[in-house]
J.: 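Input: one structure, supplied below.
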Amino acid sequence: MNKGNVIGLGVMAAASVVLVAGAGPAYEGIQEMRVKQAAGGLETTVYTGEAQGFGGAVTAEVTVAGDKIIALTLGGDGETPEIGGAAMTALSDQILAAGTIDGVDAVSGATITSDAVLNAIRSAMGLEAPAEEAGAETEAEAEETEAEEAVEETTAVAYEGEVTVLTGEADGFGGPIQAEVTVSEDGKIVGLALTGDGETPAIGGTAMEQLAEAILEAGSADGIDAVSGATITSDGVFAAVEAAMSESGAAEGEAEEENAAEVPEEDAAAAEEGSGEALTGEADGFGGPIQAEVTVDADGKITGLTLTGNDETPAIGGAAMEQLTEAILEAGSADGIDAVSGATITSDAVFAAVNAALGQ
């Protein structure tokens with residue numbers, strides 16, 4: 001958890017915003033004076049409220065003069081600084097500029113934190129949630145559910161002849177990737193649906209979408225490059241499409257690639273030559289343990305790597321694990337690989353888990 005993610009804001013009469021980095025006696029006196037100026041002689045009232053955010057409770061201390069919000073302090077220990085913390089700052093700016101939460105939109109990419117901020121303020125001021133948020137599933141819950149569901153991209157091109165629908169599956173970054181391939185009479189791919197429950201939406205999901213378009217444009221997966229930063233997902237897509245095409249003999253002369261999603265093509269030969277039993281190691285990550293399953297060749301080069309961390313945040317820790325996997329496999333070692341910016345704890349855990357495996 002990221003502790004101390006607290007944003008304090010005060011507003012002067014001209015609606016300027018002051019971010020509270022620390023509150024000593026001198027600062028508190030200045031802040032008190034600014035609140036009085038913003039109140040314009042009206043009596044002020046301070047309310048407190050709380051609502052559930054992405055990683056825990058979000059609290060709001062709201063200062064009101066008349067019907068206008070003139071000061072606001074938000075706290076959220078469990079919100080990620082780069083996403084939830086940034087959203088809280090942005091929302092504070094909007095709310096204080098408007099003097100109300102009416103018309104203030106959620107911050108894109110941080111809907112859950114945004115809704116928690118607005119609901120904490122509503123709770124403080126005794127306001128009811130909008131009708132659409134009073135139902136069985138709020139927008140934030142719907143988005144969270146959507147992110148947990150399958151990442152799927154269905155694409156097709158215009159084709160009027162007879163087609164054959166084939167299916168195949170291969171391992172991706174977070175689990176199996178399924179491919180439903182529609183093939184024309186002359187063996188050209190004219191439709192493609194990719195599904196991968198375990199792929200991170202922002203990286204693996206985007207890669208699947210790009211690859212589906214590229215494969216359909218070419219009519220084949222041959223010669224299509226992997227998406228940079230999503231090599232494992234890309235290899236999983238190629239292997240799933242190949243498995244589907246091979247199922248009915250639609251693809252001729254294509255060699256089998258065992259564990260294509262785990263061992264990139266350029267490392268496959270090295271993996272076959274002298275690679276022994278996979279080694280395993282574990283280390284504590286941001287939200288829990290991260291496991292590394294490492295395969296090395298006779299020279300000690302890492303030729304296969306599978307990272308698992310169920311408690312890492314998909315958009316940050318999950319993305320970092322995918323990037324690090326690609327970097328380590330490309331280098332054949334974890335030595336000299338830099339931590340992913342914004343995901344240092346996850347990165348350090350990956351390095352420690354890999355080293356623990358190699359140290360067996």
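Throughout, residue positions are numbered sequentially from 1 according to the sequence presented.
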J.: Roughly how far, to the nearest 0.5 Å, is the CE atom of Met88 from the CD1 atom of Ile95?
T.: 10.5 Å
J.: Run the side chain to side chain donor-acceptor pair (under 3.5 Å) test against Glu50 and tell me which residues pass, sequence neighbours left out.
T.: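 Per chain and number, Glu50 pairs via side chain to side chain donor-acceptor pair (under 3.5 Å) with no residue.
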J.: Using every non-hydrogen atom in the two residues, find where Asp225 and Leu211 come nearest and quote the distance to one decimal.
T.: O-CD2, 3.6 Å
J.: Ignoring hydrogens, what is the shortest heavy-atom contact between Ala116 and Ala51? Give both atom names and the distance.
T.: O-CB, 3.4 Å
J.: Are Val340 and Leu324 packed together at the side-chain level, in the sense that at least one heavy-atom pair is separated by less than 4.5 angstrom?
T.: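 Val340 reaches Leu324 side chain to side chain.
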J.: Tell me, do Val64 and Met125 make a side-chain contact under 4.5 Å, heavy atoms counted?
T.: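 With C-beta onward as the side chain, the pair touches.
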J.: Can a side-chain donor-acceptor contact be found between Glu293 and Thr280 if the only test is distance below 3.5 angstrom?
T.: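 The criterion, which ignores hydrogens and geometry beyond distance, is not satisfied for Glu293 and Thr280.
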J.: Just by distance, do the side chain of Glu61 and the backbone of Leu72 share a donor-acceptor pair under 3.5 Å?
T.: no
J.: Could you tell me whether the side chain of Thr231 reaches within less than 4.5 Å of the side chain of Thr325, counting heavy atoms only?
T.: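 A side-chain contact under 4.5 Å is absent here.
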J.: Donor-acceptor check, side chain of Asp297 to backbone of Asp299, threshold 3.5 angstrom: yes or no?
T.: yes
J.: Using the side-chain contact (heavy atoms from CB on, under 4.5 Å) rule, take Val350 and Ile328 through it: C-alpha gap first, then chi angles, then the decisive distance, then the call.
T.: CA-CA 10 Å; Val350 167; Ile328 291 170; 4.2 Å; yes
J.: Just so I know, are the side chains of Glu199 and Met208 near enough to count as touching, which here means a heavy-atom distance under 4.5 Å?
T.: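 The answer is yes, as the side chains (C-beta and beyond) meet within the 4.5 Å cut-off.
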J.: Please report the shortest heavy-atom distance between Ile189 and Ala221, naming the atom on each side.
T.: CD1-N, 4.3 Å
J.: Check side chain to side chain donor-acceptor pair (under 3.5 Å) between Gln178 and all other residues, then give those that pass, not counting sequence neighbours.
T.: Glu169
J.: Are the side chains of Asp311 and Pro289 in touch, meaning some heavy atoms are under 4.5 Å apart?
T.: yes
J.: Could you go step by step and tell me if Leu166 and Val183 meet the side-chain contact (heavy atoms from CB on, under 4.5 Å) rule?
T.: CA-CA 8 Å; Leu166 309 168; Val183 184; 3.8 Å; yes
J.: What distance do Thr63 atom OG1 and Ile69 atom CD1 have between them, rounded to the nearest 0.5 Å?
T.: 9.5 Å
J.: Which distance, rounded to the nearest 0.5 Å, do you find between the CD1 of Ile121 and the CG of Asn119?
T.: 9.5 Å
J.: Group every Ile, Leu, Val, Met, Phe, Trp and Tyr by side-chain heavy-atom contacts under 4.5 Å, then state whether Leu127 and Val104 land in the same group.
T.: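 Per the 4.5 Å side-chain linkage, Leu127 and Val104 are co-clustered.
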J.: Report yes or no: does Ser114 contribute a side-chain atom to a donor-acceptor pair with the main-chain N or O of Val107 at less than 3.5 Å?
T.: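 The answer is yes, because a donor-acceptor pair under 3.5 Å joins these two groups.
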J.: Work out which heavy atom in Gly236 is nearest to a heavy atom in Ala170; give both atom names and the distance.
T.: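 So the two residues come closest at O-CB, 3.5 Å.
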J.: Identify the heavy atoms of Ala244 and Gly168 that sit nearest to each other, and give their distance.
T.: CB-N, 3.4 Å
J.: To the nearest 0.5 angstrom, please state how far the NZ atom of Lys68 sits from the OG1 atom of Thr44.
T.: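 Going from the NZ atom of Lys68 to the OG1 atom of Thr44 covers 14.0 Å.
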J.: Quick one: do Val62 and Thr48 satisfy side-chain contact (heavy atoms from CB on, under 4.5 Å)? Show the steps, please.
T.: CA-CA 6 Å; Val62 188; Thr48 59; over 6 Å; no
J.: Minimum heavy-atom separation for Ala87 and Thr113, please, with both atom names.
T.: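 That would be CB-CG2, 4.5 Å.
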J.: Taking the side chain as everything from C-beta on, heavy atoms only, tell me whether Thr195 gets closer than 4.5 Å to Asp197.
T.: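 Yes; the side chains approach each other to less than 4.5 Å.
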J.: Give, for atom CG of Leu307 and atom CD of Glu312, the distance between the pair rounded to the nearest 0.5 Å.
T.: 10.5 Å
J.: Would you say that more than 12 heavy atoms from the other residues, nucleotides or ligands in this model lie under 6.0 Å from the CG of Asp186, or not?
T.: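 Yes.
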J.: Begin with the C-alpha distance, continue with both residues' side-chain angles, and end with the deciding distance and a verdict on side-chain contact (heavy atoms from CB on, under 4.5 Å) for Leu305 and Val354.
T.: CA-CA 9 Å; Leu305 174 61; Val354 171; 4.1 Å; yes
J.: Are Asp115 and Val117 side-chain neighbours, meaning at least one heavy-atom pair lies under 4.5 Å?
T.: no
J.: May I ask you to test the Ile302-Leu329 pair for a side-chain heavy-atom distance under 4.5 Å?
T.: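 SC-SC contact between Ile302 and Leu329 confirmed.
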J.: Return the CG to CD1 distance between Asp348 and Ile345, rounded to the nearest 0.5 Å.
T.: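 Here the rounded value is 8.0 Å.
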